[in-house]
Structures are given as structure tokens and as C-alpha cells.
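Taking it in order: structure first as C-alpha cells, then the write-up.
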Amino acid sequence: SIIAFPQAVAFGVASGLGASAGIFGAIILSFVAGILGCNLPIISGPTGPAAIITAIIVSGAGGNLEYIIPILVLAAVFQLVISLTEIPRMIKYVPYPVISGFLTGIGLIIIILQLPPLIGGVTHSSTIKTLLYYPEVFANINFQALILGAATLGILFFTPKIISKFIPVQLLALVCMTGVAYYLGFDVEKVAGVTFSLPQAHIPHFTMEIITKSVPIALTLAFITTSESLLTGIIMDSLTKVKHNSKRLVASQGIGNLFCALTGSMYGSAATMRSVAAVKAGASTRIAAIISAVILAFVLFKFTGFISQIPICVLAAILIKIGYDILDLKVLKVLKYAPKDDLYVLLTVLGLTVFYNLIFALGTGIVLAALLYAK
């Protein structure tokens, strides 16, 4: 929930639907998919690819919900249709080098994007833009943000296990550093100026014109979020050693996104980072997704004042630690023994994930792995 909240707000704003749509998208999708989905701690909500596609939809519709909602509803229907086909089961053939490269790429993206806000800079939308922005960031360091961020990382990495058994280190770091920043009056950027309102039910109005124009972008949104959800499912399989039902996973996401669309909330998917974080924190069943949604709703309405005081640099430090945990570091131990072909696939997927496109990286990795298998 700690990780999901700032991401949901950020993705909601980036999509053009607003912070409220982002946070309620996280609450609704995680709750519905948690009830109907596989018995794994798969946390769902707004994600980067979904935010990008949604932003295109919102821009094309001029921000008019009468045009946006039918497209989101169509995308959810397409997801449900996909769940009835054999497409979801094909994802199980993705080999380990592809998964390892993708996981490590996700971790690196998080670390690269969160370094600027850790020291008082601004987050950019892509890794390349962020890396080009680094010289300016390091030339204008906010040392108060750096102190808070470094202290947060210290808590996250070095808190004794005897303490972390009783309280999650992310929560400990968040509360402690927010308190320090508040009482010492640190001049750092905070999660402030965000207002929330309850989502309202909308009845989609379909016309032949809307349907014909909406099918391509709705299909794109459906396939992107389905791919991300299935990939998250595979990663969760590797972490929990429990095989998920891919059709059920996609169907639960489709139903959850249908509720999101009908309430004007943001579309989303199973979120890899949040799900991995849940497993790292000890979650083992889908109850984690339900509780995460309930906590988000409770925090939203009861602790808005505290949330507005959370420093962005503290959130960045928490995300950097999560990014580090996602890195598939165990592959370093077998690098000298691994076949070169597998390493080429891994590095290709890693590079494309970090510097180009997540879904393209996955597709390229599968094609390369298939060609090498044929060889």
C-alpha cells in the first residue's frame, strides 16, 4: 500500500484522469482482482504502460469522459474475451533468461527514475530523459532531501531483523522520516495539494462512430495490460513456486478494469513491483491484494493530512530499495557457467526494457529464445 499510493497518484495525474482516478483505480482493481483472481499475492492497479495508453485516449477525447469511458469499457471487454482464448497459457513458455532480463530491467528503471527525487530533483517519464537530466540534478542537490533520502535508505537496508519481524521497514522509514522532516521544518517537496472525491458511476454511451474509432486503441490497452499481468503472474510463479491460472488472472483483471471504467477510475493491470514487494514482505495469498485495497481506502480518508506531509525523497528511497530487491542478482553467480546464447537474450531483454519498451522487450526476448531453441 505504501508503494501503491504514490504510484497510483502519479500515474493518475500522468494519464490525464487525475489523482483521484489513479488512487481509486488502485483500490477498485486490487480489491476486485484480489477476490476473483488466483490465490497469489498479485497486487493490481495503475501502471506505467497503462498510464501512457490512457493518456493517449484522454488526449484524443479532449478529456471528455463520455468518449473516454466507452473506450475503457471496450478494453475491459476485450480482456475478458482474451481470457477465453488460449493466449494467456502461451506465456508459460517464456524462458528464464527473458524473465531474468525483464526483472532486472524493471529494477534498474525504478532506481534510475527515483535517483533525481531522492536528492531533490524532478522525475522524468523515461530512463533516457532521466539520465540526460542527471548532470543538472547532481549540480543542484537539495542537501536536506539527500539527508532524508540517505537516512531512509539506511533504515531500509540496515534495520535489524528482530525489528523488521514486528514492523515493516518501509512503514518504519516512512513514519520516522516524515516526522523528522515535519518537526525540523525541512524544505523538501512533499505529497501535497492533492484533493480526492468519491468516484461516480457512469453509463457508457456507445455509437457506431465511437466503436469503430475506439477498437484499435482499446485493443492496444487490453493487450498491453494483459501482457503485463501475465508477466507478473510468471514472475510470481518463480518467486512463490506456485503455478497461477493464467485465464483466471486475465479474467479477474478484465472484470476489475470494467468496474474501474464504469466509475471513471484509471485502467490498470497486475503490477510486478508491488506484487514482488508483497512477496518480499511475506505475503502468500490473494488476501494481500484485498487488504492492500482496504488499507489504501482507509489511509485515503483518515490520514490525508499525514499523506500530504510525506517527503517525495523518502518515497524515492523506498522505491529504490524495492528496485534493488527486484534485481535478479542471483544470476551473477552463474554468469561464467551460463551458455552465451542465453546471456545474449538476457542482456538484450534487459537493454530493451530499460531504454526502449517493456512489451517490445518481452516480445523480442521470446522470439530470440525461440530461434535459439530451434538452433
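Values below: all heavy atoms of this structure, side chains included; hydrogens, waters and symmetry mates excluded.
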State the [atom1]-[atom2] distance between [X] and [Y], to the nearest 0.5 angstrom.
X    : Y    : atom1 : atom2 : value
I155 : K321 : CD1   : NZ    : 12.5 Å
S252 : I42  : OG    : CD1   : 7.5 Å
I112 : F355 : CD1   : CZ    : 5.5 Å
M236 : T272 : CE    : OG1   : 9.0 Å
L343 : K336 : CG    : NZ    : 13.5 Å
C313 : K190 : SG    : NZ    : 8.5 Å

Common cluster, [X]/[Y], ILVMFWY with side-chain heavy-atom separation under 4.5 Å:
X    : Y    : result
L29  : I82  : no
I295 : I287 : yes
F143 : F138 : yes
L350 : L332 : yes
I203 : I71  : no

Is the side chain of [X] donor-acceptor paired with the backbone N or O of [Y] at a distance under 3.5 Å, no angle test?
X    : Y    : value
R286 : L40  : no
D237 : H244 : yes
Y267 : A75  : yes
Q144 : D187 : yes
T263 : A201 : no
S292 : A288 : no
S30  : A289 : yes
T47  : G268 : no
T364 : A361 : no
T104 : D328 : yes

Considering all heavy atoms, the nearest [X]-[Y] contact:
X    : Y    : value
A317 : L153 : O-CD2, 3.4 Å
I69  : P204 : CG2-CB, 4.1 Å
A369 : P95  : CB-CG, 3.4 Å
M266 : G22  : CB-CA, 4.1 Å
G120 : A145 : N-CB, 3.7 Å
V314 : A173 : CG1-O, 4.3 Å

Can you find a pair of side-chain heavy atoms, one from [X] and one from [Y], that are under 4.5 Å apart?
X    : Y    : value
V331 : Y96  : yes
L174 : L315 : yes
N142 : E189 : no
I111 : L327 : yes
Y344 : L372 : no
I43  : T232 : no
V169 : I163 : no
T226 : F78  : no

Side chain to side chain contact (heavy atoms under 4.5 Å, CB included) for L72 and L221? Distances and angles first, verdict last. CA-CA 8 Å; L72 299 182; L221 182 58; 3.8 Å; yes
Report the C-alpha separation of I255 and L80 in whole Å, then their side-chain angles, then the decisive distance to 0.1 Å, and conclude whether the side chain to side chain contact (heavy atoms under 4.5 Å, CB included) test is met. CA-CA 7 Å; I255 295 170; L80 290 172; 3.7 Å; yes
So does [X] have more than 12 non-hydrogen atoms from other groups sitting under 6.0 Å from [atom1]?
X    : atom1 : value
F259 : CZ    : no
Y182 : OH    : no
K213 : NZ    : no

If we count only N and O atoms by modelled type, under 3.5 Å, do the side chains of Q253 and T225 hold a donor and an acceptor together?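 Checked: Q253/T225 side chains show no N/O donor-acceptor pair below 3.5 Å.
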Under 3.5 Å, is there a donor-acceptor pair linking the side chains of Q309 and T178? no
Determine whether the aromatic ring centres of Y324 and F157 lie less than 6.0 Å apart. yes
If you apply the rule side chain to side chain contact (heavy atoms under 4.5 Å, CB included), what do you find for L258 with L262, and how did you get there? CA-CA 6 Å; L258 185 58; L262 293 173; 4.2 Å; yes
Check the pair I290 / I35 against side chain to side chain contact (heavy atoms under 4.5 Å, CB included), numbers first and verdict last. CA-CA 7 Å; I290 299 169; I35 292 175; 3.9 Å; yes
